[in-house]
S.K.: 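Sharing a structure, written as structure tokens. Questions coming.
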Amino acid sequence: MEKQEYRILIKHCFLMGKTSEQSLQWLQKCYPTSAPSRTIVYRWFSEFKMGRTSTEDAPRSGRPKEATNVEIVKQVHRIVLCGRKVKLRELAEAVGISKERAGYILHDLLEMKKLSERSVPRLLTVDQKQQRVDDSTAGLALLQRNRADFFRRFVMMDETWVHYA
């Protein structure tokens, strides 16, 4: 269950006139493995006593993380593929985002890491995955178009290893 749902349950208990301790015991009985802590229940009870009606998080100060959108991720990916020796600082300046956000996009979203001055994918890149999908689709289209010719051209076999002395 999510935080928002627990807050709604705490508010419901508050409106029904239960104490914070009764609410905590009820939540622990109903949700033994995921109930909120005593501190959380007491804090939300005090918030509701002070007149708060919303169960959503209060807005926080600071700039929102707007740098992680699809267009910026694609732009970072394109820049890295064009020049693999690009530095993180240069990448951030070219896209117009912070160095930390550029690092997050590069490492966590694109799953790339730095190896001997070049960013390389940890696994297959998005382009390599798409190439495999395109090749498989073309092979299936060829199979559906002419099944006999397909099997005549493509021979698949299993390797058998024979060990002898």
S.K.: First locate atom CD of Q130, then atom OG1 of T137, and finally report the distance between them rounded to the nearest 0.5 Å.
M.R.: 8.0 Å
S.K.: May I ask whether I40 and L15 are part of the same hydrophobic cluster, defined by side-chain heavy atoms of I, L, V, M, F, W, Y residues being less than 4.5 angstrom apart, directly or through others?
M.R.: yes
S.K.: Do Y31 and I8 land in one hydrophobic cluster if side-chain heavy atoms of ILVMFWY residues count as linked below 4.5 Å?
M.R.: no
S.K.: Side chains of D127 and H77: does their closest heavy-atom pair fall under 4.5 Å?
M.R.: yes
S.K.: Quick one: do I79 and V95 satisfy side chain to side chain contact (heavy atoms under 4.5 Å, CB included)? Show the steps, please.
M.R.: CA-CA 9 Å; I79 290 171; V95 180; 3.8 Å; yes
S.K.: Just how far is it from atom CZ of R52 to atom OG of S46, taken to the nearest 0.5 Å?
M.R.: 10.0 Å
S.K.: Of all the heavy-atom pairs spanning L91 and A102, show the shortest one and how long it is.
M.R.: CD2-CB, 4.5 Å
S.K.: Roughly how far, to the nearest 0.5 Å, is the CD1 atom of I105 from the NZ atom of K74?
M.R.: 13.5 Å
S.K.: Measuring from T19:OG1 to F14:CZ, what's the distance to the nearest 0.5 Å?
M.R.: 12.0 Å
S.K.: More than 12 foreign heavy atoms under 6.0 Å from CZ of R132: is that the case here?
M.R.: no
S.K.: Treat each ILVMFWY residue as a node, draw an edge where side-chain heavy atoms are under 4.5 Å apart, and state whether M16 and L24 are in one component.
M.R.: no
S.K.: Tell me whether the count of non-hydrogen atoms from other residues, nucleotides or ligands lying under 6.0 Å of CD in E2 goes above 12.
M.R.: no
S.K.: Knowing that exactly one of V86, V80, V73 qualifies, which makes a side chain to side chain contact (heavy atoms under 4.5 Å, CB included) with L106?
M.R.: V80
S.K.: How many angstroms lie between CZ in R145 and CG in L140, if you round to the nearest 0.5 Å?
M.R.: 11.5 Å
S.K.: On a heavy-atom basis, which atom in A94 and which in Q75 lie closest, and how many Å separate them?
M.R.: O-NE2, 4.4 Å
S.K.: Give me the atom names and distance for the closest heavy-atom approach of R38 to E21.
M.R.: NH1-OE1, 2.6 Å
S.K.: Apply side chain to side chain donor-acceptor pair (under 3.5 Å) to residues Q131 and D135 and explain how you reach the verdict.
M.R.: CA-CA 6 Å; Q131 183 62 43; D135 292 342; 2.9 Å; yes
S.K.: Can you see which heavy atom on Q22 is nearest to which on K18, and at what distance?
M.R.: OE1-CA, 3.4 Å
S.K.: Is the backbone N or O of S34 less than 3.5 Å from a side-chain atom of Y6, with the two atoms forming a donor-acceptor pair by type?
M.R.: yes
S.K.: Which value, rounded to the nearest 0.5 Å, describes the distance between F48 atom CZ and R7 atom CZ?
M.R.: 8.5 Å
S.K.: Which atom names give the shortest non-hydrogen contact between P36 and I10, and what distance separates them?
M.R.: CG-CD1, 4.4 Å
S.K.: Is there a side-chain contact between V76 and L110 in this structure, where contact means two heavy atoms from C-beta onward sitting under 4.5 Å apart?
M.R.: yes
S.K.: Look at the side chain of K99 and the backbone N and O of A92, then say whether any donor-acceptor pair between them is shorter than 3.5 Å.
M.R.: no
